[in-house]
Amino acid sequence: MLEASQDGDNRNVDMLVGDIYGTDYSKIGLKSSTIASSMGKVFKKNVDKRQFRPQDVSRSLLYMVSNNIGQIAYLNAKAHGLKRIYFGGCFIRGHPITMNTLSYAINFWSKGAIKALFLRHEGYLGAVGAFMKHRSSRRNSRSFTLSEQLAQKLSATEGADLEVTLAQDTLDVVADEDDSS
């Protein structure tokens, strides 16, 4: 879908403000190019559905999904008092159309008060988050003896055995948690 959307033109599929009013709707600050209804032209009466190119439909879907993500992100940021929203992931990575749409949506809904930012090297972000969550939960629920024991194991371990030691320590922690519950 992302590849197809690069060659698409959503104006052939979406109903725009200009399609409804003929020009900008300046009373509320909407440009004629603003999407009024995603896929709006597809659902008009007496329209031959075969006239819509798959690339145009893909671009419209991309805008629809990105605008929804932008609005939901804005509402969450507003609810939590945040001024910056960080985006990352395969849907966004290396796809300027998606980043532009998300930036536009955040800017539109927040009236410029909140900024959309995009992570450049986020490949391991989920793993780092899981590690940090696991690490803080272990720190809060255990004495320092477990950390000291792991430090002793790691200092006595050579390179190739490091993964085995870490994996065994994780299994020991899981077993301890299962025994205590």
Side-chain angles (χ1 to χ4, degrees), residues 1-17 19 29-43 49 52-142 150 154 162-171 173-174 177:
M1 181 188 96
L2 292 174
E3 270 185 46
S5 71
Q6 292 178 356
D7 297 324
D9 186 353
N10 72 301
R11 296 174 297 181
N12 298 329
V13 178
D14 292 339
M15 183 75 64
L16 306 178
V17 168
D19 295 327
L30 294 176
K31 296 178 189 174
S32 62
S33 60
T34 302
I35 298 170
S37 175
S38 295
M39 303 282 179
K41 292 178 181 172
V42 174
F43 297 104
K49 306 288 189 248
F52 301 110
R53 297 181 324 137
Q55 296 90 334
D56 298 341
V57 172
S58 291
R59 176 67 72 104
S60 177
L61 283 170
L62 174 65
Y63 283 166
M64 182 172 51
V65 168
S66 298
N67 280 317
N68 281 333
I69 290 170
Q71 185 176 25
I72 292 167
Y74 156 72
L75 291 170
N76 277 293
K78 184 179 175 187
H80 295 285
L82 304 174
K83 296 293 179 202
R84 292 181 303 261
I85 302 170
Y86 293 92
F87 292 96
C90 292
F91 180 66
I92 297 166
R93 185 181 312 126
H95 202 264
I97 297 168
T98 307
M99 290 187 274
N100 288 337
T101 306
L102 286 168
S103 292
Y104 179 84
I106 298 299
N107 189 54
F108 176 83
W109 291 109
S110 73
K111 295 177 177 58
I114 299 175
K115 300 294 178 206
L117 302 167
F118 301 91
L119 301 172
R120 188 173 298 180
H121 304 289
E122 87 293 359
Y124 296 102
L125 189 60
V128 171
F131 173 76
M132 298 299 288
K133 176 75 172 162
H134 178 70
R135 194 175 100 196
S136 66
S137 68
R138 280 183 56 187
R139 186 179 304 137
N140 294 337
S141 65
R142 304 232 178 266
L150 178 59
L154 291 176
L162 180 60
E163 289 180 20
V164 174
T165 302
L166 289 172
Q168 185 58 50
D169 182 63
T170 303
L171 291 173
V173 169
V174 170
E177 289 173 354

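Computed from heavy atoms alone, side chains included, the values below leave out hydrogens, waters and symmetry copies. When a residue number appears, it is its place in the shown sequence, counting from 1. Just so we're clear, the structure is a prediction, and the values are computed from it rather than from any experiment.
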J.: How close do Ala4 and Ser58 get, counting heavy atoms only, and between which atoms?
T.: CB-OG, 3.6 Å
J.: Taking all non-hydrogen atoms of both residues, which atom of Lys83 and which atom of Ala113 are closest, and how far apart?
T.: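 Distance-wise, the nearest heavy atoms are CD-O, 3.7 Å.
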J.: Just by distance, do the side chain of Thr34 and the backbone of Lys31 share a donor-acceptor pair under 3.5 Å?
T.: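 Here the side-chain-to-backbone pair exists.
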J.: Atom CG in Leu117, atom OH in Tyr86: separation rounded to 0.5 Å?
T.: 5.0 Å
J.: Out of Ile92, Thr98, Leu102, which residue meets the side-chain contact (heavy atoms from CB on, under 4.5 Å) rule with Ile69?
T.: Leu102
J.: Side chains of Ile72 and Trp109: closer than 4.5 Å at any heavy-atom pair?
T.: no
J.: Say you draw a straight line from CD of Gln71 to CG of Asn76; how long is it, rounded to the nearest 0.5 Å?
T.: 11.0 Å
J.: Any salt bridge between Arg53 and Asp56, counting N to O under 4.0 Å?
T.: yes
J.: Say you draw a straight line from CG of Leu75 to NE2 of His80; how long is it, rounded to the nearest 0.5 Å?
T.: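 Answer rounded to 0.5 Å: 10.5 Å.
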J.: Should we count CZ of Arg93 as having more than 12 external heavy atoms under 6.0 Å?
T.: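 More than 12 heavy atoms, drawn from other residues, nucleotides or ligands, come within 6.0 Å of this atom.
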J.: Given the rule in the side chain to side chain contact (heavy atoms under 4.5 Å, CB included) test, do Lys115 and Ser103 qualify, once you have shown the distances and angles that lead to the verdict?
T.: CA-CA 7 Å; Lys115 300 294 178 206; Ser103 292; over 6 Å; no
J.: Does any part of the side chain of Ser5, heavy atoms only, come nearer than 4.5 Å to the side chain of His95, both counted from C-beta?
T.: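 Yes, at least one pair of side-chain atoms sits under 4.5 Å.
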J.: I'd like to check the side-chain contact (heavy atoms from CB on, under 4.5 Å) partners of Asp19; sequence neighbours left out, ordered by chain and number.
T.: Met15, Leu16, Lys41
J.: Could you give the distance from CD1 (Ile97) to OG (Ser66), rounded to the nearest 0.5 Å?
T.: 9.5 Å
J.: In sequence, state the C-alpha distance, the side-chain angles, and the governing distance for Ile35 and Asn67, and then conclude on side chain to side chain contact (heavy atoms under 4.5 Å, CB included).
T.: CA-CA 10 Å; Ile35 298 170; Asn67 280 317; 4.2 Å; yes
J.: Using side chain to side chain contact (heavy atoms under 4.5 Å, CB included), reason through Leu119 and Phe87 one step at a time and then give a plain yes or no.
T.: CA-CA 6 Å; Leu119 301 172; Phe87 292 96; over 6 Å; no
J.: To the nearest 0.5 Å, what is the distance between CG (Asn100) and CG (Asn107)?
T.: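 If I round to the nearest 0.5 Å, the distance is 12.0 Å.
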J.: In the structure I gave you, are the side-chain heavy atoms of Met1 and Leu61 within less than 4.5 Å of one another anywhere?
T.: yes
J.: How about Arg59 and Asn12: do any of their side-chain heavy atoms sit closer than 4.5 Å?
T.: no
J.: Once you round to the nearest 0.5 Å, how far does CD1 of Ile85 lie from OH of Tyr74?
T.: 9.5 Å
J.: Looking at every non-hydrogen atom in both residues, tell me the closest pair between Gly70 and Ile106 and how far apart they are.
T.: O-CD1, 3.1 Å
J.: State whether a side-chain donor-acceptor pair under 3.5 Å links Asp14 with Ser60.
T.: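 Checked: Asp14/Ser60 side chains pair up, N/O donor to acceptor below 3.5 Å.
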